[in-house]
Engineer: 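One structure is given below, represented as structure tokens, and several questions about it will come after.
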Amino acid sequence: MTRIFASFLALGLVAGSLVSAPADAQRRSEQGEARREMNAGNILQLRDIEARILPTMRGAEYLGPAYDSTAMAYRLKFIKDGRVMYVDVDARTGKVLRRSR
């Protein structure tokens, strides 16, 4: 590997990490907020919400959750037949707020 190529590779890795850093920080912040709200008894545990929702999404692959601290809601992300679907769930009650199809 040439020295110039190695320099460009290193620069690309640094630039890539800077681009993803705000998203990672936001995700950690959302997770921390969800944990604080759960510990305070204000929202349900994610695993309880997943236990309610996942069985209703037959044939779909679960991709994971996101927490919105402003709305106090979880967005569960699924994929089925190449289409991404979201299920928004009230984190306080477990009630489904919206399903995208």
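Please read all numbers here as calculations on a predicted model, not as lab measurements. Hydrogens, waters and symmetry mates are skipped; everything else that's a heavy atom, side chains included, is used.
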Engineer: Which pair of heavy atoms, one from Arg92 and one from Ala71, lies closest together, and at what distance?
Structural biologist: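 Reported closest heavy-atom pair: NH2-O, 3.7 Å.
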Engineer: If I take atom CZ from residue Arg75 and atom OH from residue Tyr67, how far apart are they, to the nearest 0.5 angstrom?
Structural biologist: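 Interatomic distance, Arg75 CZ to Tyr67 OH, rounded to 0.5 Å: 14.5 Å.
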Engineer: Find the distance between OH (Tyr86) and CG (Leu76) and round it off to the nearest 0.5 Å.
Structural biologist: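 It is 11.5 Å, given to the nearest 0.5 Å.
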Engineer: In the single-linkage hydrophobic clustering (I, L, V, M, F, W, Y; side-chain heavy atoms under 4.5 Å), do Tyr62 and Ile53 co-cluster?
Structural biologist: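 They do share one cluster, since a chain of ILVMFWY contacts under 4.5 Å joins Tyr62 to Ile53.
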Engineer: Quickly, which of Ile43, Leu54, Val89 forms a side-chain contact (heavy atoms from CB on, under 4.5 Å) with Ile49? Name it, please.
Structural biologist: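 That would be Val89; it is the only one of Ile43, Leu54, Val89 passing the side-chain contact (heavy atoms from CB on, under 4.5 Å) with Ile49.
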Engineer: With a 4.0 Å cut-off on N to O distance, would you call Asp81 and Arg83 a salt bridge?
Structural biologist: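 Result for this pair is no, no salt bridge flagged.
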Engineer: Are any non-hydrogen side-chain atoms of Arg52 and Leu44 less than 4.5 angstrom apart?
Structural biologist: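 Yes, at least one pair of side-chain atoms sits under 4.5 Å.
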Engineer: Measuring from atom NZ of Lys77 to atom CG of Leu63, what distance do you get when rounded to the nearest 0.5 angstrom?
Structural biologist: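 Rounded to the nearest 0.5 Å, the NZ-CG separation comes out at 6.0 Å.
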